[in-house]
Amino acid sequence: MNSWILTGGVATGKSSVWRTLGNLEIVGLQRFSCDDAAAAALQSAGVIAQLSEAFGPCGWDGGAVDRAWIRANVLPVPEKRARLEAIVHPIVFAELEAARVAAERGGANLFVAEVPLHYETGASVSADLIIVVAASLSVQVRRMMENRGLDEQSVHSFLDAQWPIEAKAERADVVIWNDGDISALEAQVSQLSTYLRQS
């Protein structure tokens, strides 16, 4: 079984690549999203209790974590972000490894894991191929301001918390550049599919 990691920077288009890969109907493809696993973890009583102890009760809405509150009050502060990651990341990576083992035992041909902070977390997840989705800084800033309604200072606090996209691209096996439109992105993902069939 081939194992790929899909990573990149914030607002570079990882989710679009993720959806496009799923739409290609690759035989034997199994996928795992760390973002989805993290969102599920933020719904669990145990995680909510730990986060309430760490950050207080003001961020919780109806028994679930208020992710907007987390983005505004925890992620921009390095010490708080590190504490959040120490709670959530071990859960997510344990689920990722369990999903990979299950995929291999189930006879999957390809396991693709979306790991947004692959390099920031020490590249601790092994893979046969690392795919980085990249975009220019100006495009990242514009997308975050337009799509997430953030001001420029908030955008840069997010970007500063991640590795520069150039550093990620230098370490990648494959780079998908996403400054253009969706058709250009889909063409690059289609090439990946061709690579898989030839390997």
Side-chain angles (χ1 to χ4, degrees), residues 1-44 47 81-82 84-135 140 158-159 161-180 182-199:
M1 182 182 76
N2 282 314
S3 181
W4 294 359
I5 285 176
L6 177 64
T7 190
V10 63
T12 58
K14 295 183 301 299
S15 296
S16 296
V17 172
W18 184 245
R19 285 192 300 272
T20 303
L21 268 175
N23 292 337
L24 288 177
E25 299 182 355
I26 299 169
V27 175
L29 170 65
Q30 294 288 326
R31 299 183 301 154
F32 180 90
S33 168
C34 285
D35 273 347
D36 289 349
L42 293 175
Q43 302 290 322
S44 74
V47 169
R81 184 175 64 249
L84 170 69
E85 291 172 351
I87 294 168
V88 175
H89 284 179
I91 297 168
V92 171
F93 287 137
E95 290 185 12
L96 188 162
E97 188 56 32
R100 192 205 321 252
V101 169
E104 189 161 21
R105 288 177 178 168
N109 297 321
L110 173 63
F111 180 79
V112 180
E114 180 195 18
V115 188
L117 298 178
H118 174 65
Y119 292 109
E120 289 85 349
T121 56
S124 56
V125 181
S126 61
D128 302 305
L129 191 77
I130 308 293
I131 304 159
V132 166
V133 185
Q140 287 180 277
F158 277 100
L159 292 170
Q162 297 188 357
W163 278 30
I165 198 64
E166 296 83 3
K168 296 183 180 187
E170 285 174 3
R171 289 163 174 79
D173 298 307
V174 173
V175 176
I176 294 177
W177 195 258
N178 186 29
D179 269 2
I182 190 66
S183 62
L185 183 69
E186 289 173 347
Q188 293 177 80
V189 178
S190 181
Q191 286 184 322
L192 264 183
S193 175
T194 301
Y195 167 83
L196 172 64
R197 293 186 180 99
Q198 293 174 346
S199 61

Note to self: Within this structure, what is the OG1-NZ distance for the pair Thr7 and Lys168, rounded to the nearest 0.5 Å?
What the structure shows: 5.0 Å

Notebook entry, point to check: CG of Asn2 to CD of Glu104: how many Å apart, nearest 0.5 Å?
Noted result: 10.5 Å

Check: Is a salt bridge present between Glu186 and Arg19, judged by a nitrogen-to-oxygen distance below 4.0 Å?
Finding: no

Check: Taking atom CG of Leu96 and atom CZ of Phe111, what is their separation to the nearest 0.5 Å?
Finding: 5.0 Å

Checklist line | Val115/Phe32 under side-chain contact (heavy atoms from CB on, under 4.5 Å): CA gap, chis, key distance, verdict | finding: CA-CA 9 Å; Val115 188; Phe32 180 90; over 6 Å; no

Next item on the list: Begin from the C-alpha positions of Ile176 and Leu192 and carry the test side-chain contact (heavy atoms from CB on, under 4.5 Å) through to its verdict.
Entry: CA-CA 10 Å; Ile176 294 177; Leu192 264 183; 3.9 Å; yes

Note to self: I'd like to check Phe93 versus Thr121 (side-chain heavy atoms, cut-off strictly below 4.5 Å). Are they in contact?
What the structure shows: yes

Next item on the list: Spell out, as yes or no, whether a donor-acceptor pair under 3.5 Å connects the side chain of Ser44 to the backbone of Ala40.
Entry: no

Item checked: N/O donor-acceptor pair under 3.5 Å between Glu120 side chain and Trp163 backbone -> yes

Item checked: Value rounded to 0.5 Å, distance of OG in Ser190 from CG in Leu185 -> 11.5 Å

Note to self: If I compare all heavy atoms of Ala41 with all of Val88, which pair ends up nearest, and what's the gap?
What the structure shows: CB-CG1, 4.4 Å

Notebook entry, point to check: Between atom CG of Leu6 and atom SG of Cys34, what is the distance when rounded to the nearest 0.5 Å?
Noted result: 10.5 Å

Notebook entry, point to check: So which heavy atom on Glu114 is nearest to which on Ser33, and how close?
Noted result: OE1-OG, 2.8 Å

Checklist line | Closest non-hydrogen atom pair between Thr12 and Val133, with its separation | finding: OG1-O, 3.0 Å

Item checked: Point-to-point distance, once rounded to the nearest 0.5 Å, from CG of Asn178 to CD of Gln188 -> 7.5 Å

Margin query: Testing the basics here: between Ala169 and Val175, what is the closest heavy-atom pair and its distance to 0.1 Å?
Written below: O-CG2, 3.7 Å

Margin query: Could you check whether any side-chain N or O of Gln140 sits under 3.5 Å from a backbone N or O of Gly9, counting only pairs where one atom can act as donor and the other as acceptor?
Written below: no

Check: Which heavy atom of Ala134 sits nearest a heavy atom of Ile165, and at what distance?
Finding: CB-CG1, 3.5 Å

Next item on the list: Using side-chain contact (heavy atoms from CB on, under 4.5 Å) as the criterion, point out the one residue from Ile130, Ile131, Leu29 that pairs with Trp4.
Entry: Ile131

Checklist line | Minimal non-hydrogen separation, Ser126 against Arg100, with atom names | finding: O-NH1, 2.9 Å

